[in-house]
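All remarks here apply to the structure that follows.
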Amino acid sequence: MRRVVSLLLAALVFTGCNSPIGIMLGFGHTPVKPAVTIDILCDFDAGGTCTADNLRETLDRVLPSLTNRPGSSLRLWAMGNELGDTMLLATASVPSPTRRKNMQRAAWTRFTTTTRSLFLNAYAALSDTRHRHKSPIAESLTRVAWAADGPSERYCLVLTDAREYSGIGGDLECGALPAATTFTRQLQRHHVLAPQSLRGVSVAFCFVTIGTIDGRRCDSTLERSDKVRELWITTLRAAVATRVFYSTAFPHLYGFEVSHDTDLQAH
């Protein structure tokens with residue numbers, strides 16, 4: 001037994017308390033990672049996919065990855081009818097860690113529970129009263145990009161059907177679809193998703209659907225869905241987004257999430 005203890009102590013001397021061995025034995029702590037800013041942009045019009053269930057799943061995927069990122073910000077936004085109508089609904093900041101593990105675990109559980117409740121209640125309070133007749137996805141994403149919160153790495157998670165409908169972005173619901181470069185230039189002429197506007201921001205379109213348009217005003221096909229996807233990927237890359245994700249579910253965010261699921265990143 002003494003020999004085992006001696007070997008363990010020797011390992012700590014050579015590897016340090018914050019090595020995997022030291023952490024396993026309770027002598028160290030998990031290294032702190034850089035702070036990030038996570039913006040959740042909620043599109044919950046008639047065809048939007050920001051449902052309570054999808055928002056809950058998003059929080060379940062994001063919160064565990066913030067455990068060792070003190071100072072990180074999590075924000076919930078609601079899409080409006082115009083760029084200026086995009087509204088900040090809720091914010092939360094990840095607290096600094098404590099030295100005692102039991103206290104840290106309790107503090108993190110409290111933060112997670114409080115944040116989930118805050119965001120879901122904010123969503124519920126607005127979803128029943130917010131009446132929208134437009135889907136200015138590009139404009140709202142631009143508004144969120146403007147709201148920089150320090151120099152931290154940023155992710156914008158857009159819970160949407162991806163079908164823009166606005167005076168600037170046009171009609172991606174039922175109208176004739178433009179070429180990808182035409183769509184990009186059209187937005188940029190109005191200073192929407194302008195070049196460099198998404199520098200340092202990874203953008204993920206989550207829970208994108210190919211279901212019917214509200215009221216069955218027009219058909220929705222796989223071919224049309226693929227073309228809409230091409231429009232967004234081209235435009236987001238032109239705005240110099242760090243990474244672009246586009247998924248019918250919640251994609252794995254490389255470099256951020258602690259899990260290693262199958263990813264649908266757009267390369």
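Basis for what follows: all heavy atoms, side chains included, without hydrogens, waters or symmetry-related copies.
Taking 4.5 Å as the limit, some side-chain heavy atom of Leu76 sits within range of a side-chain heavy atom of Leu55. At least one side-chain heavy atom of Met79 sits under 4.5 Å from a side-chain heavy atom of Asp43. Within the 4.5 Å cutoff, no side-chain heavy atoms of Ile137 are placed close to those of Tyr165. In this structure the side chain of Trp77 never reaches within 4.5 angstrom of the side chain of Ser140, judged on heavy atoms. Residues Arg243 and Phe245 have side chains in contact (heavy-atom distance under 4.5 Å, counting atoms from C-beta outward). Residues Thr142 and Leu187 have side chains not in contact (no heavy-atom distance under 4.5 Å, counting atoms from C-beta outward). The closest side-chain heavy-atom distance from Leu66 to Val36 is below 4.5 Å. Side-chain contact between Leu41 and Thr160 is absent, with no heavy-atom pair separated by less than 4.5 Å.
Take Thr37 and apply the side-chain contact (heavy atoms from CB on, under 4.5 Å) test, not counting sequence neighbours, and it matches Asp39, Ser73, Arg75, Asp149, Ser152, Arg154. Under the rule for a disulfide bond (SG atoms under 2.5 Å apart), Cys206 has no partner lying at least two apart in sequence or in another chain. For Ser93, there are no side-chain hydrogen bond (donor to acceptor under 3.5 Å, both in side chains) partners two or more places apart in sequence or in a different chain.
Between Arg116 and Asp60 a salt bridge is recorded (basic side-chain N to carboxylate O distance below 4.0 Å). Checked for salt-bridge contact, Asp53 and Arg56 meet the test: a charged N lies under 4.0 Å from a carboxylate O. In this structure, Glu223 pairs ionically with Lys227, as a charged nitrogen and a carboxylate oxygen lie closer than 4.0 Å.
Shown here for Leu157 and Ile38, the closest heavy-atom pair between the two residues is CD1-CG2, 3.8 Å. Contact between Phe183 and Gly169 at its shortest, heavy atoms only, is CE1-O, 3.3 Å.
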Problem set entry | Derivation and outcome, ring pair (Phe, Tyr, Trp, His ring centres under 6.0 Å), residues Trp232 and Tyr246 | CA-CA 9 Å; Trp232 285 116; Tyr246 195 99; 8.2 Å; no

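Side-chain atoms of Arg69 do not come within 3.5 Å of backbone N or O of Ala35 as any donor-acceptor pair. The main-chain N or O of Ala138 is found under 3.5 Å from a side-chain atom of Glu164 such that the two form a donor-acceptor pair. At least one donor-acceptor pair under 3.5 Å links the side chain of Thr49 to the backbone N or O of Phe207. Between the Thr67 side chain and the Pro64 main chain, a donor and an acceptor come within less than 3.5 Å of each other. With Ser117 contributing its side chain and Thr113 its backbone, the two residues share no donor-acceptor pair below 3.5 Å.
Distance check, rounded to the nearest 0.5 Å: NZ of Lys134 to CD1 of Ile168 gives 8.5 Å. Taking OG1 from Thr181 and CD from Glu230, the interatomic distance works out to 9.0 Å, rounded to the nearest 0.5 Å.
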